[in-house]
Structure formats: C-alpha cells, structure tokens
Student: 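My structure is below; once you've seen it, I'll send some questions.
We name chains A, B, ... by the order of the sequence lines, and we start the count at 1 in each one. When reading the values below, keep in mind they use all heavy atoms of this one structure, side chains included, and skip hydrogens, waters and symmetry mates.
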2 protein chains.
Amino acid sequence: MVRMADVAREAGVSVMTVSNVLSERLPVADQTRARVMAAVEALGYEVNLTARHLRAGRTDTVAFVVPSFHDYFGELADKIAPLIEAGGRHLVLERTSASPEHEMAALSVARLQFYDGVLLSVAGLDSDDLERVSSSKPIVLLGERDVPDRFNHVRLANEEGARLATAHMIEHGSRRILALGCTLDTTHMMPSDRRIGWERALRDAGIDVDPRYVVPVANFTSADGRDAMLDVIASGLPFDGVFAATDIVALGAVAALAERGLRVPVDVQLAGFDNLDVARFVPPGLTSVDANHQGVAETAVGLLQRQMEGRPAPAEHVVAPVRLVVRGSTRGGA
Amino acid sequence: MVRMADVAREAGVSVMTVSNVLSERLPVADQTRARVMAAVEALGYEVNLTARHLRAGRTDTVAFVVPSFHDYFGELADKIAPLIEAGGRHLVLERTSASPEHEMAALSVARLQFYDGVLLSVAGLDSDDLERVSSSKPIVLLGERDVPDRFNHVRLANEEGARLATAHMIEHGSRRILALGCTLDTTHMMPSDRRIGWERALRDAGIDVDPRYVVPVANFTSADGRDAMLDVIASGLPFDGVFAATDIVALGAVAALAERGLRVPVDVQLAGFDNLDVARFVPPGLTSVDANHQGVAETAVGLLQRQMEGRPAPAEHVVAPVRLVVRGSTRGGA
DNA sequence: CTGTTAGCGCTTTCAG
DNA sequence: CTGAAAGCGCTAACAG
C-alpha cells in the first residue's frame, strides 16, 4: 500500500503539501502541485478514505436505508442518487430487514457513523425503532406513517390520492369499489390513510361504506394482490371497481381479473397508487396516483443537505402533493 | 461522543480489556466482562467502526456495485443480502453510472477500500474500466460480457436461454420471430449473445436468418421496447413472434402490441428473459427465461466468501444455467 | 505558500 | 488473564 508519505518523499515535499493538493483545502503553488501530481501518478496513489474519515469526521457519503431494494425503493433511489452527487457526495443503499435478528443493524449508531447523512424509509419500522435512532446525525425520514416530531419527514398525500382515484372511478360509473390492500384501522400508516381517502370519496358521492370492501393483503406483493382478488371473486361479493393501495398490488389484481375473464375497464375499473413504470405499460394502461418521485426526492435531499451544511432549522413535516394519471384501466382513459 | 476509554474508566479496567470484551478476540474473566458490559450499557457506548477499520483493516461490509438500483439489480440484491448477512457481514449497494464522468467513481480503489469484498455488476463497464479495478481486493464480477481472466465471474447461459425461448415459439408455429433488444455484433455482451441463441434456434429449424428481424433498443427500458415495437409494426415487416432480450423490454412490446390490436399469443407469440415478478402477472403471463437469481446469488457470494476467507484458488468463470418458464404469451402455455 | 506537531479511536504487540 | 505503549494514514492548527 502506498501512503501519502511515499508520495511526499517522491515529490520532495511534506505530507501536508500532498494533503493540500489532493483535498484543495489550502492553495499550493502551481509548480509544487505539478510535482505532487506527477508523484501521485507515478506511484498510483489513492487517498485512504478511512483515515480521512477518522481524522476529518467526514465521509462525503449519504445512505438511503430502505426495507427492500426492489420496485418502489429502487426507482426512488435512482432519482435520489444524482441529487446527492450534485452536492459532491456519494449515495449508498442499505436495507433494514434482511432477517429478523438483523432487522435494525443498519440503524445502529455504529453503522450510521459511516455517513454524513441518512435518508431513512420508515416503512416497516415502528415508533420504538425510530426512538432508538440517533438524533445527532443529519437524517430525513421518508414514508407513510407518523414519526416523532424531532425528525424531518417527507410523506405523500395518501388520503387525497386515494380520494382522487376513487372519485374518478365513481364519476365514470362504479358504485361498488374495493379498497384492495387497505385496512380499517386508524394508525395513520399507508394502508389506513389510503382507506380513509377511499372512504371519503364514497361518502362525498353519497355511497354507503361497507367494510367488506376493505380487503387487506399480507405483503404488498403482486402475488398477495392476486390471491386477495381471487378470494373476493370466489366469495361472490359484487364489485365494479378496484382501488389498489399500490401499483404492485394492482398488477396482481390485473392478473386475477384476466384469469377470471373480467374485462378492464368494461366490467371493472381499476386504479393503483405510485405510478411505477409498470403502470404505463401493462395493458390497457393502469390509472394510478403519481407519487411524484422526483419531487419527493428533491424535497428530502434538500432537507438533508440543509442539515449537513449545518444550517439549523426546526424539523419540517412535508406532505408531498400527488396527482391522478388516467389511463385505460378506468373509463375516463384512452 | 463516548469512547472506549470512557467505558474503561467507568468499568475500572484498561482500554484493552474493553476491546477484548467487545471483539471477543482474547478471553476475559466473566466478572470483568460483566463490569465492562454494564459500563457499555450505562454509557450507551457503540464501537467506532471507522477507527476499527483503520487499525484492523476490516469493515465487515460488502458492496454490490450496480449500474442502476431498480428492476433486475434490485431483485438480485434482495437475494444477495441474506447470504452476506449469514456470513456475519453487511451488504450495501453502490451505483456506477449516475453520470458519465462519475462512471468509475464507485470503483475507484479509494472507495473499494471501504469494503471487505465487492460484487461488481459489469453491465456498462468496458475492458479498460475493469483493468483499472484493484486486483488485491476480493472481488466477483457479475454480468453478461467477457472479462479479464484474473477475476472470478458469474454470468448466465445467455445463448442457451435465447435459443430455448425461440425454439419454443418455433415449435408452436412461429416462423418470423423478432429479436427485440438484440444486436448483430459479436462483442459477447448480453444483446449479442442472446441474438446468437435466437439465430441458432432459427437455423436448427431450417429458417433463414434475416438481419432485419434484429431490432436494437437504446436503453433496455419498457419505453424503448414499446417504441421499437411500434416502429416495426409501422414498417410493415411481417412477424408472428417476438423474443425480447429482457422482460422489461418485453413489457414495452406487450403495450405496443395491445395498442395496435395484435393479440398475444394468437397473432404474435412473445417471450422475455429474466423472469422478473412482472412476467408472472402481466396478462396473459409472459413466457420468460428464468435467470435463476437465487442460484446466481449463491454462486457469486460463495466465490466472494472464499476469497475473503483467504482461501486461495484460481479465478473461476461460472456460467449459470437457465430454464424456460412457459406462460400464456406463447402457445405452449396455459 | 510550506512544514511541524499532535492526535482522531481503535487494535496489535509485547510485558507483566 | 490484564495492561502499557505504539501506530494505522490522514488532516486541524499553528508556526515559519
């Protein structure tokens, strides 16, 4: 391993001068800099980031901690990465829930030390988990649940999104609309908030709210969505619309409806939430609530950078607006 | 910040005894250990991993470096994470290609120092990039291109997979099959290897190979797949089957075919590659070549762990087997 | 503009 | 089994 001292000797300068050339912290004479750079090239030197971190307390790295790497989180991470890099830092992804016993390892104070700041997706974490998270480190929470006041937090307008989607289907003739993947509780988490929006749209239209139309799913996978949809069909409960809590669940519903010969949107209208890529391409196009990934990413990174720059400010709780994207799965679409 | 010295003072022992308790490197008397643990609890101490790394040269962390976080790589990462954690280490994801000038930043020797080992997806990297990658660090390459011999490498049976999918469609009556997302070159990268398999299936069936049926796409997105498919339809080139180089491209083709009123599989059979979740659920079910994520993950992690354990062995070049999963988009399916 | 000194928090080595 | 000393590679602070 070649160290800074080796470069210094090769260039005939002190170690500090090498450090100043590489980190651009203090000005160095052009001629000296050239000698140093030549030595760096000649020896193939690269700075030891661990030593820099220990001494300078800075990693130039931000973590995005997610419950799983795929689908929604992967797409969001791809939006976040360029914004972090524009600030001269590097983004890495960690995941919380690989196995039950390691569930919180990514959030330990020890691991968070690796990063200048942390974006933390709170899906799957409970209040106790959050209380245990270090509060000295710049951190921004993302996700659909109530969090302690002390954290900056960006969430979606879940209720409004669900209301928009449901009202749209009512407007185009549906009267018996399932809330697939929603729950009846009032925990202010994603499945309950979206159920509340669905409910409000029904009430606004003067339609009775029947709790049998709220159908939970286990894990928000397409497989679970399909299973739940097949169960409903088999039960004989009449329905002419489906609001699915996520596009991934909606995709499962699409499969189940097709298997049972129910036509979308003629027999059943269908709308999802998140506006993932798949919503655009699965025939006949899935009407979906756009979660505005880009805007959420920009807001969250902005809040994080404000903290990392050391500008003190009270924690903000941002509710990002959503909008309905109408496609062929509802009768207002193409 | 509470340091090991603080714990030592609180427990009335030396710093070294605390270190030995926490790292379990040397045995410590039960009574002493208990005093140390009590002090750790009382002060809320957590070890500084950066200092440990600088001194001990070990991070207990593995990086999976990918070109983008979504779709294929996200799904694969979710398979890899538990395997790494079973070995007592932690997995993080980094991405290479946020912007052209940062392309190699994640791969710089400097960044690789952060990790005990690296799984590196080679999509988007060329030979020069790979030559520049440190060879002293445990590293396993993943992906569909030729790599220098000195690296351990896991790739898929691309040619065989494409041949299987194409032969299956021929067997069920297609004669004019597009290779969507493939290329005519012979660079031994994913689009060319899959084209070669497509070609072999055609030749085996005595069908002439017409280069007009090889239709490249720009970025392997669904949007590009749809655009390319629409262009082919508009051109009037007759076809009765589509082999798409990836499921994501196939999803774009599904959209385009539906928009133009072409029925799958009656008018056109369609098969993809990767067997992503979406293939199972998009009606009528997408026949796809299963890339065996689980097996690829296990093989790659096994090779990496062999290196990290210091067991010397010549670099291996593994070609992971694939199999065809038949669904409703081809006439052999349900 | 350049060099010297000190020390980030931990673990390796060696002595008791 | 426990402790004291040394130093991993780098940069903050200060002196010249």
Student: In terms of side-chain geometry, is the basic nitrogen of B:R95 or A:E85 positioned less than 4.0 Å from the acidic oxygen of its partner?
Tutor: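 Between A:E85 and B:R95 there is no salt bridge, as every charged N stays at least 4.0 Å from the carboxylate O atoms.
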
Student: Starting the side chain at C-beta, find the nucleotide from D:dT11, C:dC10, D:dG3 nearest to B:R3.
Tutor: C:dC10

Student: Separation of A:H53 atom NE2 from C:dG9 atom P, in whole Å?
Tutor: 11 Å

Student: Quick check on contacts: within residues 19-45 of chain B, what sits under 4.0 Å from DNA chain C by heavy-atom distance?
Tutor: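 Hits under 4.0 Å, by residue number: B:S19, B:R25, B:Y45.
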
Student: Who passes side-chain hydrogen bond (donor to acceptor under 3.5 Å, both in side chains) against A:R89, sequence neighbours left out?
Tutor: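 Per chain and number, A:R89 pairs via side-chain hydrogen bond (donor to acceptor under 3.5 Å, both in side chains) with A:D116.
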
Student: Which nucleotide, D:dG3, C:dC10, D:dC10, lies nearest any side-chain atom of B:R55?
Tutor: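 Within the option list, the nearest is C:dC10.
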
Student: Taking the six-membered ring for Trp, are A:H70 and B:F69 ring centroids under 6.0 Å apart?
Tutor: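 Ring centroids of A:H70 and B:F69 are no less than 6.0 Å from each other.
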
Student: Show which side-chain atoms of residues 44-52 of chain B pair as donor or acceptor with protein atoms under 3.5 Å away, not counting sequence neighbours.
Tutor:
from: B:E46; atom 1: OE1; to: A:A110; atom 2: N; distance (Å): 3.4
from: B:E46; atom 1: OE2; to: A:V109; atom 2: N; distance (Å): 3.4
from: B:N48; atom 1: OD1; to: B:T50; atom 2: N; distance (Å): 2.9
from: B:N48; atom 1: OD1; to: B:A51; atom 2: N; distance (Å): 3.0
from: B:T50; atom 1: OG1; to: A:H53; atom 2: ND1; distance (Å): 2.8

Student: In whole angstrom, what separates B:D60's CG from C:dT11's C1'?
Tutor: 14 Å

Student: For residues 137-150 of chain A, which side-chain donor-acceptor pairs fall under 3.5 Å, sequence neighbours excluded?
Tutor:
from: A:K137; atom 1: NZ; to: A:L112; atom 2: O; distance (Å): 3.2
from: A:K137; atom 1: NZ; to: A:Y115; atom 2: O; distance (Å): 2.7
from: A:E144; atom 1: OE1; to: A:L156; atom 2: N; distance (Å): 2.9
from: A:E144; atom 1: OE1; to: A:N158; atom 2: ND2; distance (Å): 2.6
from: A:R145; atom 1: NH1; to: A:L125; atom 2: O; distance (Å): 3.1
from: A:R145; atom 1: NH2; to: A:S127; atom 2: OG; distance (Å): 3.4
from: A:D146; atom 1: OD1; to: A:R155; atom 2: NH1; distance (Å): 3.1
from: A:R150; atom 1: NH2; to: A:L130; atom 2: O; distance (Å): 3.4
from: A:R150; atom 1: NH2; to: A:E131; atom 2: O; distance (Å): 3.3

Student: Taking atom C1' of D:dC8 as reference, at what distance in whole Å does atom CG of B:N48 sit?
Tutor: 13 Å

Student: In a table with atom names and distances, give each donor-acceptor pair under 3.5 Å that connects a side chain of residues 22-33 of chain A to protein atoms at least two apart or in another chain.
Tutor:
from: A:S23; atom 1: OG; to: A:S19; atom 2: O; distance (Å): 2.9
from: A:R33; atom 1: NH1; to: A:V28; atom 2: O; distance (Å): 3.2

Student: To the nearest Å, give me how far apart CE (A:M4) and C1' (C:dC8) are.
Tutor: 15 Å

Student: How far does the helix from C:dC1-D:dG16 to C:dG16-D:dC1 bend, going by the axes of its first and last five pairs, to the nearest 10°?
Tutor: 30°

Student: Looking at C:dT2, I'd like to know if its phosphate oxygens (OP1 or OP2) sit under 4.0 Å from a side-chain N or O belonging to A:S14.
Tutor: no

Student: Rounded to whole Å, please give me the gap between CZ in B:R58 and P in D:dC8.
Tutor: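 Going from B:R58 (CZ) to D:dC8 (P), I get 18 Å.
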
Student: Taking CG from A:L54 and C1' from D:dG7, how many angstroms apart are they, rounded to a whole number?
Tutor: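 So the two atoms are 12 Å apart, to the nearest Å.
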
Student: Please round to the nearest 0.5 Å and tell me the distance separating atom OG1 of A:T187 and atom CG of A:D126.
Tutor: 12.0 Å

Student: The test is side chain to side chain contact (heavy atoms under 4.5 Å, CB included); show your working for A:V65 and A:L119 and say whether it passes.
Tutor: CA-CA 6 Å; A:V65 180; A:L119 296 163; over 6 Å; no

Student: Quick check against the 3.5 Å criterion: does A:D78 have a side-chain atom that pairs as donor or acceptor with the backbone of A:E75?
Tutor: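 Looks like no, no N/O pair under 3.5 Å.
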
Student: Choose from C:dT2, D:dG9, C:dT11 the nucleotide whose nearest atom is closest to any side-chain atom of B:V15.
Tutor: C:dT11

Student: With a non-hydrogen cut-off below 4.0 angstrom, is B:V13 in contact with a base, only sugar-phosphate, or nothing?
Tutor: sugar-phosphate

Student: From CZ of B:R52 over to C1' of C:dT12, roughly how many Å is that when rounded to an integer?
Tutor: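 The answer, rounded to whole Å, is 14 Å.
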
Student: Is any side-chain N or O of A:T17 closer than 4.0 Å to OP1 or OP2 of C:dG3?
Tutor: yes

Student: Can you tell me the distance, in whole Å, between the CE atom of B:M16 and the P atom of D:dA4?
Tutor: 12 Å

